[in-house]
Number of protein chains: 2
Amino acid sequence: MLDVARHAGVSKASVSRFIGEDRALLSDAIALRIEQAISALGYRPNQMARGLKRGRTRLIGMLVADIRNPYSIAVMHGVETACRQHGYSLVVCNTDRDDQQEAQHLANLRAYNIEGLIVNTLGHHLEQLQELQQEMPMVLVDRKLESLHADLVGLDNPAAVHSAIEHLEQQGYRDLLLVSEPHDGTSSRLERSAAFQDEVARRPALRGQSLETGAALARHLKDFLDAPGPSPKALFCANGVAALAATRVLRELDCPLFEGIGLIALDDLDWYPLVGSGITALAQPTEAIGTAAFQCLLKRLRGDTGPARVLDFAAQLMVRGSTRKPPV
Amino acid sequence: MLDVARHAGVSKASVSRFIGEDRALLSDAIALRIEQAISALGYRPNQMARGLKRGRTRLIGMLVADIRNPYSIAVMHGVETACRQHGYSLVVCNTDRDDQQEAQHLANLRAYNIEGLIVNTLGHHLEQLQELQQEMPMVLVDRKLESLHADLVGLDNPAAVHSAIEHLEQQGYRDLLLVSEPHDGTSSRLERSAAFQDEVARRPALRGQSLETGAALARHLKDFLDAPGPSPKALFCANGVAALAATRVLRELDCPLFEGIGLIALDDLDWYPLVGSGITALAQPTEAIGTAAFQCLLKRLRGDTGPARVLDFAAQLMVRGSTRKPPV
DNA sequence: CTGTTAGCGCATTCAT
DNA sequence: ATGAATGCGCTAACAG
């Protein structure tokens, strides 16, 4: 910076003003000389130093539970795009669903003076999160934590489950099985599970049970298929991971996809059309969710101190073969 | 920090030593007092300031062409794990295959004083990359850029293609079609394409052509299927994206998967077993590739100035239904 | 072993 | 409209 100042025959202060938002205060002559000096020397301001001085690092942090989950990726893509459009950079931390890593990453993010945080993890370490929230705005994605009073962005789970069940019932399915990943406290899983019970309870024609993925999935699924009861049967997979696991098991059981059994999944993955007659899905507007999460943060950064917002997005039903031909 | 120093009745320097690697120089008594003061005040050192002073930010940058490509995610997961194990944090920048965004992100990464860079992009902006390479170590993943003299980590493409063609030939396929994404200069695509031509040329029994994904894919693929010629026919998809596109088209053409035609894909995705009779694949050791990329960087950061290394990993053949029952 | 001093690169008073 | 001076939080050289 000193080099630039000397090269332009001005003071560091003027260069600083040129770099920052005070460019209007400079005379055209000086601004021009600085601009030339900058490009002549290939000068790039050091963001670390700027951040240190102003307290604004232009950095947003995002805590992700499972980076290999396509949902997380899609949301993160939305967040990153929005960040860039507003001059922010995104620091992504993946916890691999590990509590210790979550703690470690939270500490790191704070050490790097991020200006805001987007959280999509288990949200254990409540104290740490609360501390962080004193220092910076925070928004929860797909996770509700009542005690945190943070902005919430996610799917309208009851509505999504409603359309799923409604669709299954209309298509003639009568015996439903909810397949989810283990309930580890993730609010969206609980919500979907509760909504499922609820929907089934209010429809006399339907029967509904639920199951968790895991080692015993194959056995339990077989039991479900073999058991007598109302028919036809259908699976409702609560997310992409569950859908993958369930479909895998169906194949292992030599169950023709999807003649003996229906299937609908929450989350729409790019390969769903390719499996069997195609997997019916409820697509989440992941890009919009990501964008909204960043927008929330931005509003807070700009001084909005209103009450915590809750943004619920709607899922879109994509009908494919897996719910189209219920056996009689 | 000053607070901690006062609370412990010592100087900032001692606190600094405690924080950093000079802890051994402190007397037990003082170390203890500092430790207590730190936890009493909940003090966390500011990484920005440390980085500013020492020139070591403990930050690694990674430039990714397409964050929605599972290959990139898998490699990135490997890199991130390795980073964390060595106390580094990873800043990921996604360019969405856009040259301008690549330039922008490169500038940003420099501004944030990252210590090393992992590149998995088109690698246009050669000048910028070369400049950066003066300032920090750099490793290319799945991309060769001769003029850059950087460490290279990736797949042994000729060997991988060799096993693919070998497998197809052994299974009885005779007419092969390579499906890749458009050749945008990506070295791995070129390598795979060249290796394909090469392998086919040295096998008199085989015929080989190639095709790029895009709007005309469906028409071209139909032409291939309908055309007379040696038989049976098989597709070789050069990566996961191509495999998705090709399989989608096969379904649209009502081609039973995979009775009329064989298919093998480079990259193994989690849903391959579920499509038709299963998609045969060559799995890349993505986690290992990511780890190796970081290790290269680490060696350079520790002073290794030897010649550029080239690390080629081997793919592993996963045989599934798509190459198992060639029609007669 | 420990404290003092002097910056890292920049933004911001305060003068002018 | 511009420059000089001060300090952000920390580390490194030097003394002691």
Side-chain angles (χ1 to χ4, degrees), chain A residues 1-38 41-59 87 89 107-115 135-136, chain B residues 1-38 41-59 87 89 107-115 135-136:
Chain A
M1 177 161 175
L2 193 59
D3 293 344
V4 174
R6 282 204 279 252
H7 192 98
V10 298
S11 71
K12 290 197 302 176
S14 295
V15 178
S16 172
R17 293 196 253 262
F18 183 86
I19 300 301
E21 285 136 16
D22 299 337
R23 193 174 315 184
L25 300 185
L26 294 176
S27 71
D28 292 352
I30 282 208
L32 183 64
R33 267 156 52 205
I34 294 181
E35 185 167 4
Q36 287 169 341
I38 283 181
L41 283 93
Y43 165 77
R44 308 249 50 181
N46 182 325
Q47 293 295 343
M48 294 293 176
R50 304 189 77 186
L52 184 57
K53 184 64 186 156
R54 303 210 310 171
R56 291 182 51 190
T57 55
R58 294 295 189 174
L59 243 34
S89 293
N108 269 354
L109 286 174
R110 177 140 75 134
Y112 281 111
N113 284 14
I114 59 168
E115 292 181 40
E135 302 176 18
M136 66 185 74
Chain B
M1 177 163 173
L2 193 59
D3 292 344
V4 174
R6 283 204 277 251
H7 193 99
V10 298
S11 71
K12 289 197 303 175
S14 294
V15 178
S16 172
R17 288 179 183 118
F18 183 85
I19 301 302
E21 284 136 17
D22 299 335
R23 194 176 313 184
L25 301 185
L26 295 176
S27 70
D28 292 352
I30 282 209
L32 183 64
R33 268 155 52 206
I34 294 181
E35 186 167 3
Q36 287 170 340
I38 284 183
L41 279 71
Y43 165 77
R44 306 251 46 179
N46 181 325
Q47 292 294 344
M48 293 293 177
R50 305 187 78 186
L52 184 57
K53 181 63 186 162
R54 304 208 309 173
R56 291 181 53 189
T57 55
R58 294 295 189 176
L59 245 34
S89 293
N108 270 355
L109 285 174
R110 177 139 76 134
Y112 281 110
N113 285 14
I114 59 168
E115 291 181 39
E135 303 176 16
M136 66 185 76

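Each chain gets a letter, A, B and so on, in the order the sequences are listed, and its residues count up from 1. The structure presented is a predicted model; accordingly, all values stated were derived computationally and were not measured.
Residues B:Val4 and B:Phe18 have side chains not in contact (no heavy-atom distance under 4.5 Å, counting atoms from C-beta outward). For the pair B:Ile19/B:Met1, no side-chain contact is recorded, criterion being any heavy-atom separation below 4.5 Å from C-beta on.
Considering only residues two or more places apart in sequence or on other chains, A:Asn46 meets the side-chain contact (heavy atoms from CB on, under 4.5 Å) condition with A:Met48, A:Ala49, B:Leu52, B:Asn113. Every side chain to side chain donor-acceptor pair (under 3.5 Å) that B:Glu135 has, sequence neighbours left out, goes to B:Arg110.
Of all nucleotides in DNA chain D, those with any atom nearer than 4.0 Å to a heavy atom of chain A start and finish, going 5' to 3', at D:dA1 to D:dG9.
Rounded to the nearest 0.5 angstrom, B:Tyr112 OH and B:Thr57 OG1 are separated by 12.0 Å. Atom CD1 of residue A:Ile30 and atom CG of residue A:Leu25 lie 12.0 Å apart, to the nearest 0.5 angstrom. With rounding to the nearest 0.5 angstrom, the CD1 atom of A:Ile38 is 7.0 Å from the CD1 atom of A:Ile34.
Taking all atoms of both residues into account, the shortest heavy-atom contact from A:Arg56 to A:Glu115 is C-OE2, 3.2 Å. Heavy atoms only, all atoms of each residue included: B:Pro45 and B:Arg50 are closest at CB-CD, 4.2 Å.
Axis angle, first five pairs versus last five pairs of the helix from C:dC1-D:dG16 to C:dT16-D:dA1: 40°, rounded to 10°.
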Scoring nucleotides 7-16 of chain C by protein non-hydrogen atoms under 4.0 Å (B base, S sugar-phosphate only, - none) yields BBBBBB----
Enumerate, atom names and distances included, each donor-acceptor pair closer than 3.5 Å involving a side-chain atom of residues 5-16 of chain B, sequence neighbours excluded.
| residue | atom | partner | partner atom | Å |
| --- | --- | --- | --- | --- |
| B:Ser11 | OG | B:Ala13 | N | 3.4 |
| B:Ser11 | OG | B:Ser14 | N | 3.4 |

